[in-house]
There are 2 protein chains.
Amino acid sequence: MARLSDIIEEFLKGLIIEEEGTVEIQRNELANRFNCVPSQINYVISTRFTAEKGYYVESRRGGGGYISIKRLNVDSAGDYLMHIITSIGDRISQLTSEVFINNFVDYNIIENREAMIMKAATSDKVLTDVPTDKRDDVRAAILKNMLMSLTVIKRR
Amino acid sequence: MARLSDIIEEFLKGLIIEEEGTVEIQRNELANRFNCVPSQINYVISTRFTAEKGYYVESRRGGGGYISIKRLNVDSAGDYLMHIITSIGDRISQLTSEVFINNFVDYNIIENREAMIMKAATSDKVLTDVPTDKRDDVRAAILKNMLMSLTVIKRR
DNA sequence: CATTTTGACTATCTCTGACTATTATTATAA
DNA sequence: TTATAATAATAGTCAGAGATAGTCAAAATG
């Protein structure tokens, strides 16, 4: 059974592409369309459309309220990478890391193979020997260092 | 009477052939089908679908979670990689790791950018939070998993 | 003894709902 | 008319329930 969150995520990303970088929705309406509670929309947004992941979200309550999601403009891959690197904190979960990496592919900053390598390097599987409480720190360090390495070399 | 683990192994391998190299299952569902505890699935996977045997395993918990198993490539580059992967022991120093990676580039198995990423992911700098005596183990795990990801058969 | 099977406990991710906060609109009072 | 209060229409938060998978060591098996 596919996750509802993934479906909603895809739906929104589709809209964003259609609308060339921005989308505006009403929370209740969207929740209604997908037969879920409104707060699930917040969940999707907070796990998939955060600022660090390259999205800018605004909203307004009250009558005629809305949520708008904008995809950040990326004209320089290097700038974008630096932005991401500084915004990644000292710790990151495997899932969040994967979402980041997928975004890099979406933004054409890395190739699919490169994404696979990065995911392989930051998976929990590989960090079993790291004490649990340090795992997310090490992962963040790995991810950031890999990204740093990309700011040095141009993509063919 | 054949062991349950063997039966499950055969079942999964059959699926992998049918699906041309990759299969995605739900642990509980599979355990249910074979009337065993879920953790037996982990046992089967960890004893029969290891990297050395040519499989790449990923998983995700939570609602809609899954376990995916991918068969690895057996072409010459894949062979070479598998050979390397098995020859890398459980531990590897940063220096040795770099030598390996440089060789991959020389043998045209990976791109320059990919090499940069791999070196970044296996540098000592990134493993400062790992206890010294575990550092080379973690590095070996990272390197092997990255190499393995390259041997995965892609579909799509 | 080595391997397999089991189950209790843990970790992670998703979904839900009650409660809260904010904004817009309408009604009421001055 | 203008200021204020009440009401309606949204969205936000957070903790807990639900749905998975992972780990590890003891028990069973052969």
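Chain naming here is simple, since letters A, B, ... match the order of the sequence lines and numbering starts at 1 in each.
A 6.0 Å sphere centred on CD of A/E20 holds no more than 12 heavy atoms belonging to other residues, nucleotides or ligands. Crowding of A/D90 atom CG: a count of heavy atoms from other residues, nucleotides or ligands under 6.0 Å not exceeding 12.
A cation-pi arrangement is absent between B/K13 and B/Y55, since the terminal nitrogen or guanidinium carbon is not both under 6.0 Å from the aromatic centre and inside a 45° cone about the axis. Geometrically, A/R61 does not engage A/Y66 in a cation-pi contact, judged by NZ or CZ lying under 6.0 Å from the ring centre and within 45° of the ring axis.
Contact annotation: A/S93 side-chain N/O to C/dT12 OP1/OP2 distance is not under 4.0 Å.
Between the side chain of B/T47 and the backbone N or O of B/Y43 there is at least one donor-acceptor pair closer than 3.5 Å. Here the side chain of B/S39 pairs no donor or acceptor atom with the backbone of B/N42 at under 3.5 angstrom. With hydrogens and angles ignored, the 3.5 Å screen pairs no side-chain donor or acceptor of A/T50 with any backbone N or O of A/S46.
In this model, a donor atom of one side chain and an acceptor atom of the other lie less than 3.5 Å apart for A/Q40 and A/S5.
Within residues 24-34 of chain A, the residues approached by DNA chain D to less than 4.0 Å at the level of any non-hydrogen atom are A/Q26, A/R27, A/N28, in residue-number order.
In this structure, A/R135 reaches neither bases nor backbone, as no heavy-atom distance under 4.0 Å exists between it and the strands shown. Residue-level contact check: A/L95 touches the backbone only, with heavy atoms under 4.0 Å from sugar-phosphate atoms and none from bases.
Rounding to whole angstrom units, CD of residue A/Q94 and C1' of D/dA21 are separated by 12 Å. When the C1' atom of D/dT10 is taken as reference, atom CD1 of A/I67 falls 10 Å away, rounded to whole Å. Protein atom CD of A/E9 is 14 Å distant from nucleotide atom C1' of C/dC13, rounded to whole Å. One interatomic measurement links the two molecules: CD1 of A/I41 to C1' of D/dT13, which rounds to 15 Å at whole-angstrom precision. Atoms CG (B/N42) and P (C/dT6) sit 14 Å apart, rounded to a whole Å.
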Just the atom pairs and distances: protein N or O near nucleotides 22-26 of chain C's N or O, under 3.5 Å.
unit_1, atom_1, unit_2, atom_2, d
C/dT23, O3', A/R60, NE, 3.3
C/dT23, O3', A/R60, NH2, 3.4
C/dA24, OP1, A/R60, NE, 3.3
C/dA24, OP1, A/R60, NH2, 2.2
C/dA24, OP2, A/R60, NH2, 3.4

Give me the distances for all protein-to-nucleotides 15-19 of chain C N/O pairs that come in under 3.5 Å?
unit_1, atom_1, unit_2, atom_2, d
C/dC15, OP1, A/L4, N, 2.8
C/dC15, OP2, A/S5, N, 3.1
C/dC15, OP2, A/S5, OG, 2.3
C/dC15, OP2, A/Q40, NE2, 2.3
C/dC15, O5', A/Q40, NE2, 3.3
C/dT16, OP2, A/Q40, OE1, 3.3
C/dG17, N7, A/S39, OG, 3.2
C/dG17, O6, A/S39, OG, 2.6

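A salt bridge is defined here as a Lys NZ or Arg NE, NH1 or NH2 lying under 4.0 Å from an Asp or Glu carboxylate O, and B/D6 with B/R48 meets this definition.
Note: the hydrophobic cluster containing B/I117 also contains B/F100 (ILVMFWY, side chain heavy atoms under 4.5 Å, direct or indirect links).
Here the two rings, on A/F49 and A/Y56, have centers that are 6.0 Å apart or farther.
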